[in-house]
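Worksheet: the structure to be examined is printed underneath.
Below, all heavy atoms of this structure are taken into account, side chains as well, without hydrogens, waters or symmetry copies. Quick note on labels: first sequence line is chain A, next is B, and so on, each numbered from 1.
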There are 2 protein chains.
Amino acid sequence: MNASEPRGRKPRADVQRNRAVLLETAQRHFLRHGVGTSLEAVAKEAGVGPATLYRHFPTREALLAAVLQTRSEELVAHQAKIEQLGHSAEALEQWLRAMESYFSAYSGLPEPLMAAARAQKPDSPLTIPCDILIAATDRYVEAAQRAGHVRASVRGYDLFLAACSIAWIKGNDTEEESLDRLRSLIASGYLERDMQA
Amino acid sequence: MNASEPRGRKPRADVQRNRAVLLETAQRHFLRHGVGTSLEAVAKEAGVGPATLYRHFPTREALLAAVLQTRSEELVAHQAKIEQLGHSAEALEQWLRAMESYFSAYSGLPEPLMAAARAQKPDSPLTIPCDILIAATDRYVEAAQRAGHVRASVRGYDLFLAACSIAWIKGNDTEEESLDRLRSLIASGYLERDMQA
DNA sequence: ACCTGAACACCGTTCAAGT
DNA sequence: ACCTGAACACCGTTCAAGT
């Protein structure tokens, strides 16, 4: 119950517009300059004072979480495709790739996501998307384990961490070939022996 | 051939002292506040002007590389111990752990090391220590491969990347248990099947 | 040859004043 | 209720002036 919330009533038109412009501008700046981009520059290009940005998004992470919303929906859409795949081990692999892309959206994104995943910081706005991803990974892992394709010792959280790491490495301009070798090394780690190439 | 170098002559006493104090102060600040610590604060606590720090260490990475020198020597010492181990697969594992500790020395250290490892930035002062570590990892990997303990597809660079990632994850306060699971997942990835527990 | 401290530019964050 | 722009604190980096 927040007293400053006008319960149920529509926000003023300029407020809605400011929020939309800030989000769009922020996304562009995150894309070009990474998650550490200057918030002052974002506000200026959005045509608002810095304090307006802070009112809408009290922390950098709050802004980041809001911007990621769109991308999260794409991920969910991708899940629908994966589900029709049938083969649970391939589904898991595709899911890991999809997460990796998600983590690679903006340079420097893996860092705050990782920090939010282990909920030491009580409630970062990024904790929610992370928890959703981890839960989804758990489902894929468990399905593949029931089919006998993935070792029993593996947990979804492990592969979430692995995907995040790969995205982090990718962010530092490593060549795709090294990434592929690392990916297949990890796959050899979680697949049952008889599933390995 | 640098004209400003007084070839062969000893540097002035105050220069030597400044350098030593800067290194010691910087190490303390890196330890407490991570590699992103304020260089201004380092200079102030070392009792010199900011420009003096910049003269000695033109970039943050140069300062970092100089501070890491000491730690590198500890690593080499550890290598001597490992060499007496006999078992090449265990030697490799211990070496990976030693690198991991090295990467975890200061919070935020994996990031610049990773950037330097892939020599896109022509010559970061961190490229040299990285190349040394990669070469050493290659030797351990090849020895273990000759003994039939490690898969032929694995390269030292892959495991260097993996160790760096683990250190990065560790830096974000993940619990030790998750790290252990990830470590053993990676081990299952590089060990030959008959070597796995 | 080296050092000092002032100077400049930039950024995050907050606050008094407006509408 | 929301916005604005000034203000404050902090930092990286450079430069003129000193010794």
Given protein heavy atoms under 4.0 Å, the one-letter contact record of nucleotides 10-16 of chain D, with B base, S sugar-phosphate only and - none, is simply -BSBBB-
Is the distance from OP1 or OP2 of dC3(D) to the nearest side-chain N or O of His56(A) less than 4.0 Å? yes
Using the rule that Ile, Leu, Val, Met, Phe, Trp and Tyr join whenever any side-chain heavy atoms are under 4.5 Å apart, tell me whether Leu23(A) and Leu31(A) fall into a single cluster. yes
Would one find more than 12 heavy atoms of other residues, nucleotides or ligands at under 6.0 Å from atom CD of Glu176(B)? yes
Rounded to the nearest angstrom, tell me the gap between atom CZ in Arg17(A) and atom C1' in dC3(D). 14 Å
Which of these nucleotides, dT4(C), dC3(D), dC2(C), is closest to any side-chain atom of Val15(B)? dC2(C)
Atom CG of Asp14(B) to atom C1' of dT19(D): distance rounded to whole Å? 11 Å
Selection from dT4(D), dT4(C), dC2(C) that lies nearest to any side-chain heavy atom of Thr52(A): dT4(D)
Could you check whether any side-chain heavy atom of Leu39(B) comes within less than 4.5 Å of a side-chain heavy atom of Tyr54(B), counting everything from C-beta outward? yes
Can you tell me if the side-chain N/O atoms of Asn18(B) get under 4.0 Å from OP1 or OP2 in dC3(C)? yes
Lys44(B) NZ to dC3(C) P, in whole Å, measures 19 Å
Where do Leu113(B) and Trp168(B) land on the side-chain contact (heavy atoms from CB on, under 4.5 Å) test, with the steps shown first? CA-CA 11 Å; Leu113(B) 281 182; Trp168(B) 175 71; over 6 Å; no
Crowded around Glu100(A) CD? As in, over 12 foreign heavy atoms under 6.0 Å? yes
According to the Watson-Crick and G-U wobble definition with distances under 3.5 Å, which dot-bracket string, read 5' to 3', encodes DNA chain C, using [ ] for crossing pairs and | for pairs with another strand? ||.|||||...|||||.||
Atom-to-atom span, CZ of Arg55(B) to P of dA17(D) - whole angstrom: 17 Å
On the 0 to 90° scale, with breaks at 30° and 60°, tag the Phe160(A)-Phe103(A) ring pair as parallel, tilted or perpendicular. perpendicular
Polar side-chain atom of Asp138(B) near backbone of Gly156(B) as donor-acceptor pair, under 3.5 Å: yes
Taking His33(B)'s backbone N and O only, do any of them form a donor-acceptor pair with Thr37(B)'s side chain (distance below 3.5 Å, no angle check)? no
Can a salt bridge be assigned to the pair Arg28(B) and Glu45(B) using a cut-off of 4.0 Å between side-chain N and carboxylate O? yes
